[in-house]
Amino acid sequence: MAGAGTYPYHHQQWPPSTAPQPPVHSPAPPAPGAPPPAPPPSLSHHPPFLADNPNNRQLSNDEIRTIFIAGLPEDVKERELQNLLRWFPGYEASQVTVKGEHPMGFALFSTPHYAVSARDTLQDLVFDVDAKSVLHTEMAKKNLFFKRGIVADTNSYDQSKRLRTGGDYTNSGYSSPSPFHAPPPPVWGSHGYMNQAPQPYDPYSGYPMAAVPMPAPTPIPAPSSYVPVQNTKDNPPCNTLFIGNLGENINEEELRGLFSAQPGFKQMKVLRQERHTVCFIEFEDVNSATNVHRNLQGAVIPSSGPVGMRIQYSKNPFGRRKDGS
DNA sequence: AGCACA
């Protein structure tokens with residue numbers, strides 16, 4: 001049961017003494033006998049800020065680091081959920097999806113461990129006393145996709161009803177020198193409140209600084225999202241990729257911006273045919289091609305519409321005809 | 001599913 005004793009364990013700072021009460025109906029203040037802190041996260045193979053391309057692999061259960069939240073009141077605001085969840089260790093992003101009259105929440109954490117502990121803490125939490133809404137939480141079936149401030153549900157093409165939340169995160173870990181000479185405050189809770197984008201929790205980078213506009217270190221064009229694609233009948237790996245499933249309005253320069261930033265890129269050719277536009281990309285070696293084949297599978301870019309591109313190995317490598325020579 | 005360039 002969730003009660004006073006199961007509040008997030010960084011409760012020493014809750015609520016920050018200088019701050020007003022939070023707008024969400026918060027649970028009672030932590031009891032003195034709150035559970036001990038969870039162990040530090042094990043080294044995760046998830047890069048903390050990079051959401052995985054869902055096409056990369058099958059998710060096994062122990063890789064789920066997203067929780068599903070039911071029982072939200074109908075008038076829940078994305079921001080409400082965010083302001084509650086942002087205090088949880090490992091919180092990265094959340095989203096409210098309204099299907100019918102029942103809003104569903106999803107929250108992504110940096111590790112499965114953090115997701116589990118958030119799930120347990122939120123279980124049966126009274127979210128709104130008046131609306132009598134009590135949360136029910138489970139591990140999600142799949143991870144919330146989250147990259148560079150974009151939250152997208154990977155199993156849905158319909159984004160119309162989706163509210164999005166995600167700070168303007170950058171993809172790079174950062175460790176700025178501390179402006180304080182006193183011992184650094186705990187990672188969570190003491191640095192600002194309410195008017196600041198949530199910071200991704202990175203146990204290895206000290207603690208987040210107050211939100212200062214940070215230029216993206218490397219403005220590599222990134223797909224806005226990934227969508228699962230079926231890639232049957234691929235060809236043997238080679239140094240040239242065939243890109244299909246490009247929409248009609250595909251913009252060659254946008255494509256080029258994406259692919260030319262990939263390691264090992266050599267050249268690209270767009271082929272406009274009556275029915276479909278396709279594209280060939282040559283890389284230095286098979287390895288570079290393979291990485292792109294995996295990493296950008298299903299990538300969605302603005303000019304491609306809502307569908308993801310399908311990446312296959314080319315039947316014929318660049319510079320070699322099918323009929324020999 | 002649509003695979004060119006030489």
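All chains are named by letter (A, B, ...) in the order of the sequence lines, taking the proteins before the strands, and each is independently numbered beginning at 1.
Residue A/Q273 contributes atom CD, which lies 10 Å from atom P of B/dC5 at whole-angstrom precision. Here B/dC5 presents its C1' atom at 17 Å from CZ of A/R272, a figure rounded to the nearest Å. In this structure, A/L255 places its CG atom 18 Å from P of B/dA4, rounding to the nearest Å. Distance, A/Y313 OH to B/dC3 P: 19 Å, rounded to whole Å. Protein atom CG of A/L246 is 13 Å distant from nucleotide atom C1' of B/dC3, rounded to whole Å. Nucleotide B/dA1 holds its P atom 8 Å from the CD atom of A/Q230, rounded to whole Å. As rounded to whole Å, 14 Å separates atom C1' of B/dA4 from atom CG of A/L241.
For A/N245 against B/dA1, a side-chain N or O and a base N or O form a donor-acceptor pair under 3.5 Å. Scanning atom types as modelled, no donor and acceptor separated by under 3.5 angstrom connect the side chain of A/E282 and the base of B/dC5.
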Open item on the list: Please evaluate residues A/R65 and A/E92 with respect to the criterion salt bridge (charged side-chain N to carboxylate O under 4.0 Å, His left out), reporting the C-alpha separation (whole Å), side-chain torsions for both, the decisive distance (0.1 Å), and the verdict.
Closed with: CA-CA 10 Å; A/R65 50 195 181 99; A/E92 288 192 351; 3.5 Å; yes

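In terms of modelled atom types and a separation under 3.5 Å, the side chain of A/E254 and the main chain of A/I250 share no donor-acceptor contact.
A/F280 qualifies as a stacking partner of the B/dA4 base, centre to centre under 5.5 Å and near-parallel within 30°.
By the side-chain contact (heavy atoms from CB on, under 4.5 Å) test, A/Q273 pairs with A/L271, A/H276, A/V278, sequence neighbours left out.
At the heavy-atom level, A/Q312 lies under 4.0 Å from base atoms of the strands shown. Using a 4.0 Å heavy-atom cutoff across all strands shown, A/T240 reaches at least one base atom of the nucleic acid.
Using a 4.0 Å cut-off between charged side-chain N and carboxylate O, A/E252 and A/R272 make no salt bridge.
Of all nucleotides listed (B/dA1, B/dC3, B/dC5), B/dA1 comes nearest to the side chain of A/H276.
Along DNA chain B, the nucleotide nearest to A/R275 and the one nearest to A/I281 differ in position, and the one closer to the 5' end is contacted by A/R275.
Pairs of residues two or more places apart, or lying in two chains, that qualify as ring-ring contact (aromatic ring centres under 6.0 Å, His included) and include a residue from residues 234-263 of chain A are A/F242-A/F280.
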